[in-house]
Structure formats: C-alpha cells, structure tokens
Enquirer: 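Before we start, here is the structure in question, set down as structure tokens.
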Protein chains: 2
Amino acid sequence: MKIDPNSSADLSVQIAQAIKDAIICGELIVDERLPSEAELSDHFQVSRPTVREALKRLAAQSLIRTQRGASGGAFVNRLSFEDAYAQQVTTSTLLLSMNAVSFDTACEARYALERACAPLSAQRRSADHLATMRAEIFRQGQPGLTDVAFCASDVAFHRALVDGACNPVLSYQLAGAVEAMQPLMNMITFSARDRAAITGLHTRIADAIEAGDGSAAVCGLQDLESETRKLAADVFAARAKR
Amino acid sequence: MKIDPNSSADLSVQIAQAIKDAIICGELIVDERLPSEAELSDHFQVSRPTVREALKRLAAQSLIRTQRGASGGAFVNRLSFEDAYAQQVTTSTLLLSMNAVSFDTACEARYALERACAPLSAQRRSADHLATMRAEIFRQGQPGLTDVAFCASDVAFHRALVDGACNPVLSYQLAGAVEAMQPLMNMITFSARDRAAITGLHTRIADAIEAGDGSAAVCGLQDLESETRKLAADVFAARAKR
DNA sequence: GACATTTAAAAGTCTGACATTTAAATATCT
DNA sequence: AGATATTTAAATGTCAGACTTTTAAATGTC
C-alpha cells in the first residue's frame, strides 16, 4: 500500500484508494484488521485526521467497519447482500430523481427485468413467497388505503415475486429497478378502478406463479406494464392540461 | 437539518445522514452549495474535523463534490449514470467475491437479465452497437489472445448488446451483473475449441440482433448460458480431481 | 473458579493553527 | 477606457497535540 506524493489528488482520496485496492485485490481479506489510525498515519506519513477522512470514505461504502476500545480498530467488512441492497436502492433512487428519467424509461427497465425473474420464480418460489404475494394483493384491496401505502404494497408484491427466483444475486440486482420506481409511482393518484385493474393483474400473476406457469406470469407482467404506462400517461396528460 | 444529541451514533454519521436526507427529500437541490465547513460545525455544534468526516462520507458516495478556493465549498452533486455505473460495478464485484457466490448463481442472474434486454436491443440497436459487437467477435477469433483479454472482449460484447436497448436505466442496472462476472470468468481457461463455440454463439446472437429477431437472440443467449455453465462445470470438476 | 477492578489501547472528538487554492476585487499600465 | 498584473479574502486541505469514551484483556480479590 503506497501513495504517490507527487499526485495532485487529495491525500485522503489517495489513501482511501490504496486501501480499497488492497481489499479488491485480496491483499486484505474479510475481517482482517487494518493497522491502527496511528500506524496508518505513520505509514503514509500524514496526520491522523487525514487518515480518518480516508477511513470514513471507506466506511461510507461499507468496505470497512470500525470498532472502538481495546483490540478495536478498522476491519475489512464482508459486504452483505443487505448492505449492497440498501446502497443499490438509494443510488438508483437518486439517479432517477436527479436525471429526469422519464417514467416510461424506468418502467420499461423495471418490467423487462422482472419478466426475466418470472420463469425462475414460477419454478422455485416457496410457499412463503406466494403467501406474501397473496397477502399484499389482499392489502391492496382494502378500502381506505392511501396511495402511498398502495404503492408500498405494490413494491412488496414485486419484491416477493423477484425473491421467489431464489437467486440472491438476482434479488440484489433488481432492488434498484423495483424500489426506485416507488417515488415515481407515488406521483400518481390511483382511482378505485385503477386499483382494481392492477390488483386483478397481480392476482393473475400470482396464479401463474402458483401454477408454475412462467410464460403466463410473463404475459401478466407484460399487461401490467402496459396498464401502468397507460395510467401514468393519463395522469401526466391530465396534469399538463390543467 | 438537525441531529439528535442523545443518540449513541457517531456524530459524523449523524451529520452525514442529516445532509443525505436533506438531499433525498429535495431540501438541497443539485448544484446547490452547502454551508461552509465552519458554518456547518457552528450549526451542528461540533468541530470542523467532525464535519469534514461527515462530508467525506458523502463525497465517497458521489453525493457531493468539493471545490477549494474562494467561492468554493461543498456542492450537491448530480449523480451521473457514469458514477452510478462505476459504483454498481465495484459493489457487485466485491459482493460476489466476498460472499462465495457460486458461478452458477451469478451466471444464471446475468443471463436472465441479459435475455430481458435482447428483444429491446433487437428493435433499437444503432449501427454503432452492432459494429461494436462484430468488432469484439472478430477480436475473440484472433490467435494469441490471452484468456483475460478474451473475457474482457466478452464483457464488451455483452455490454454493447445491453446498451443496444437504448435504455440508460437498463444499462445501469445490468452493469453489475455483466461486469462482476469477469473475475469469475477469469478463473477459467478457454481452449481453442471453447472459444470457437462461444464466438459462434456470439455470431448467432449478433445476427439475430441485426435481423431484429428478438426471440432468436434470446435463444442464442440461452444456449450461451448453457455452454458457459457446462464449461465452468468441467473446469471446476477437473480442478477438484487434481 | 467466579467476580470485581484496574489498565491500556484504540477510536472519537476538540482546539487551534498553517498551507494551498481560487475567484474576485483592486491597482497599475498602456 | 480597457487590458493586465497584483493583492486579498474565503474556503478547503493538512497538521500537531491533547482530551474523552469505549472496550477487552490483564490483574487482583473473594
């Protein structure tokens, strides 16, 4: 682990990168303890605050965790699926909100990816996944449900569908696509009729998953995509007219 | 933007979270300048190094950028697709390498997602995307190509396929799935015969994309997945025997 | 052997200072 | 007057050293 004293980049950036590289190339392995801040500042010939800034950068990416007290220090963190999932969701959400991504573009991506999961989910879903889907469908039919709660339930339904594929990598990759749509969906007001249409399609999809019929599930998702996009188009058109 | 003085969490974590929340909820908008470090430390009643650690955490996630000099400071950063893409790739790569994800699991996820892009790509790909695919196929046939270079070319081919869908959200979401496979693929040694089989399938896929035949491309990807998994299984079996 | 106490190591925080960068204000020259 | 050089001030980047808090391990006591 070395830094280039002639580089114009900030020291804390260089140090963070050096440690990150060491982790990526396997020089530092999971749960291994990094040298203490004092030792690092000595090694890189910088002050402790500078080392600390570098470590905070890594901590922000869940690459390390720190522990206080005797035998504490910074440890290489095993990046868990949960951590990666959470990162993926916030990054995707911000990406969409900051780049004026159209509803259609995001929607297309989401459903294209979900359709990829459907056949696997139809084959492998556990009873639990199916139960979650049914429970969310039931919730969506409840009167007095707010639009925000309806959208949240929608996301939960789709998440169960994706998780049904029993492939954690797939679940992780889909996290952003599914959850980042929620803020966009929240901009829509759902009439009772819209909700019924959506819930009906959800039922169709759940039935297909239950029957192990992947292609039927794909068709259901296809129709749900059309329905969602039509709905959004109507809402935006009405809003533009006003 | 407030922090809870009774919380047990580190101050820099709390401050970073407070600013992050302000960005997510739109209280701070893109390119807006945050208060100076001195003002922030005054506002939160903490020292400047503590504020700086918080800012470094945010900078690590590309949520802010800092600029030195007069009229410098920290600015809310527009999260670009490039930044998000890079983050996604490193996170996915680390996730796979640190969690002993099986080759099959990662492979399944990758090809399932790619098949989702194929029909869109067949419809929308530009001449440029197609040219890239052809060029990579040509490169893969060159004698004397190292295994690592072969894998890199493979990734470039698939990236062009995905980008052909002309949906930046899709490209971003696929980044991790496609690129994170590279280290896993690099563990395989490709015989001349293996390479020919893969390159042949690539040609089949490119032909289908060129013809605008989405389902043929999906079939090609299906076969490529089988081929890849078979190949990997053979390599691992041979290695286990030794 | 079980429990309480001490101790030391490490991260977390603070204060205050200095260095460096950079844009804007000011001064100077043509 | 306008262009160019200089100064200035504000902001981040860096440093040094001290103090606080947490925590596990060593030590001591019953």
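Residue numbering restarts at 1 for every chain, and letters A, B, ... go by the order of the sequence lines.
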Enquirer: Using a strict 4.0 Å threshold on nitrogen-to-oxygen distance, state whether Asp154(A) and Arg110(A) make a salt bridge.
Expert: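 Answer for the salt bridge query: yes.
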
Enquirer: Would you say the ring centers of Tyr85(A) and Tyr172(A) fall short of 6.0 Å from each other?
Expert: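 Ring centroids of Tyr85(A) and Tyr172(A) are no less than 6.0 Å from each other.
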
Enquirer: Identify the nucleotide, in any strand shown, that forms a Watson-Crick or G-U wobble pair with dG16(C), with both distances under 3.5 Å; if there is none, say none.
Expert: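 For dG16(C), the partner nucleotide comes out as dC15(D), under the 3.5 Å rule.
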
Enquirer: Regarding Arg57(B) and Glu53(B), does a basic nitrogen lie under 4.0 Å from an acidic carboxylate oxygen?
Expert: no

Enquirer: Return the pairing partner of dT5(C) with a 3.5 Å limit on both distances, Watson-Crick or G-U wobble; otherwise return none.
Expert: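 Looking at the geometry, dT5(C) pairs with dA26(D).
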
Enquirer: What is the minimum heavy-atom distance between Met181(B) and Ala106(B), and which atoms define it?
Expert: SD-CB, 3.4 Å

Enquirer: So that I can tick it off, tell me whether Arg65(A) and Glu32(A) are bridged by a salt bridge, with the cut-off set at under 4.0 angstrom between side-chain N and carboxylate O.
Expert: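 Result for this pair is no, no salt bridge flagged.
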
Enquirer: Roughly, in whole Å, what's the span from CG in Leu58(B) to P in dT12(D)?
Expert: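 From Leu58(B) CG to dT12(D) P: 14 Å.
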
Enquirer: Are OP1 or OP2 of dG12(C) and a side-chain N or O of Arg52(A) less than 4.0 angstrom apart?
Expert: yes

Enquirer: Rounded to the nearest angstrom, tell me the gap between atom CG in Asp42(B) and atom C1' in dA11(D).
Expert: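 Going from Asp42(B) (CG) to dA11(D) (C1'), I get 16 Å.
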
Enquirer: Specify the separation, in whole Å, of atom CZ of Phe44(A) and atom P of dA16(D).
Expert: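 One finds 16 Å between P of dA16(D) and CZ of Phe44(A), rounded.
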
Enquirer: Kindly indicate whether the side chain of Arg48(A) and the base of dT13(C) share any N or O donor-acceptor pair separated by less than 3.5 Å?
Expert: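 Indeed, a donor on one side and an acceptor on the other fall under 3.5 Å apart.
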
Enquirer: Whole Å only: how far is the CZ atom of Arg33(B) from the C1' atom of dA10(D)?
Expert: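 That distance rounds to 9 Å.
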
Enquirer: Can a donor-acceptor pair under 3.5 Å be found between the side-chain atoms of Arg68(A) and the base atoms of dT21(D)?
Expert: yes

Enquirer: Separation of Ile15(A) atom CD1 from dG13(D) atom C1', in whole Å?
Expert: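 Rounded to the whole Å, the gap is 12 Å.
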
Enquirer: Judged by each residue's nearest nucleotide on DNA chain D, which is more toward the 5′ side, Gln67(A) or Ser12(A)?
Expert: Ser12(A)

Enquirer: Could you tell me how far apart Gln45(B) (CD) and dT15(C) (C1') are, to the nearest whole angstrom?
Expert: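 To the nearest whole Å, that distance equals 14 Å.
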
Enquirer: Where the side chain of Glu53(B) is concerned, which of dC15(D), dT13(C), dA8(C) is the nearest nucleotide?
Expert: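 Per side-chain heavy atoms of Glu53(B), the pick is dT13(C).
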
Enquirer: In whole angstroms, how far is the P atom of dA9(C) from the CG atom of Leu34(A)?
Expert: 19 Å

Enquirer: In whole Å, I'd like the distance from the CD atom of Glu37(B) to the P atom of dT15(C).
Expert: 15 Å

Enquirer: Does any nucleotide pair with dA27(C) by Watson-Crick or G-U wobble geometry, both distances under 3.5 Å, and what is it?
Expert: dT4(D)

Enquirer: Any side-chain N or O of Ser47(B) below 4.0 angstrom from OP1/OP2 of dC14(C)?
Expert: yes

Enquirer: Relative to the ring of His202(A), is the ring of Phe157(A) parallel (under 30°), tilted (30 to 60°) or perpendicular (over 60°)?
Expert: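 Plane angle under 30°, so parallel.
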
Enquirer: Between Gly69(A) and Asp10(A), name the one whose nearest nucleotide on DNA chain D is closer to the 5' end.
Expert: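 Closest to the 5' end, via its nearest nucleotide, is Asp10(A).
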
Enquirer: Do any side-chain nitrogens or oxygens of Thr66(A) fall under 4.0 Å of OP1 or OP2 in dG12(C)?
Expert: yes

Enquirer: Does Ser36(B) put a side-chain nitrogen or oxygen below 4.0 Å from OP1 or OP2 of dA10(D)?
Expert: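 No, Ser36(B) has no side-chain N/O under 4.0 Å of OP1/OP2 on dA10(D).
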
Enquirer: Describe the nucleic acid contact of Arg65(A) in one word from base, sugar-phosphate, nothing, applying a heavy-atom distance below 4.0 Å.
Expert: nothing

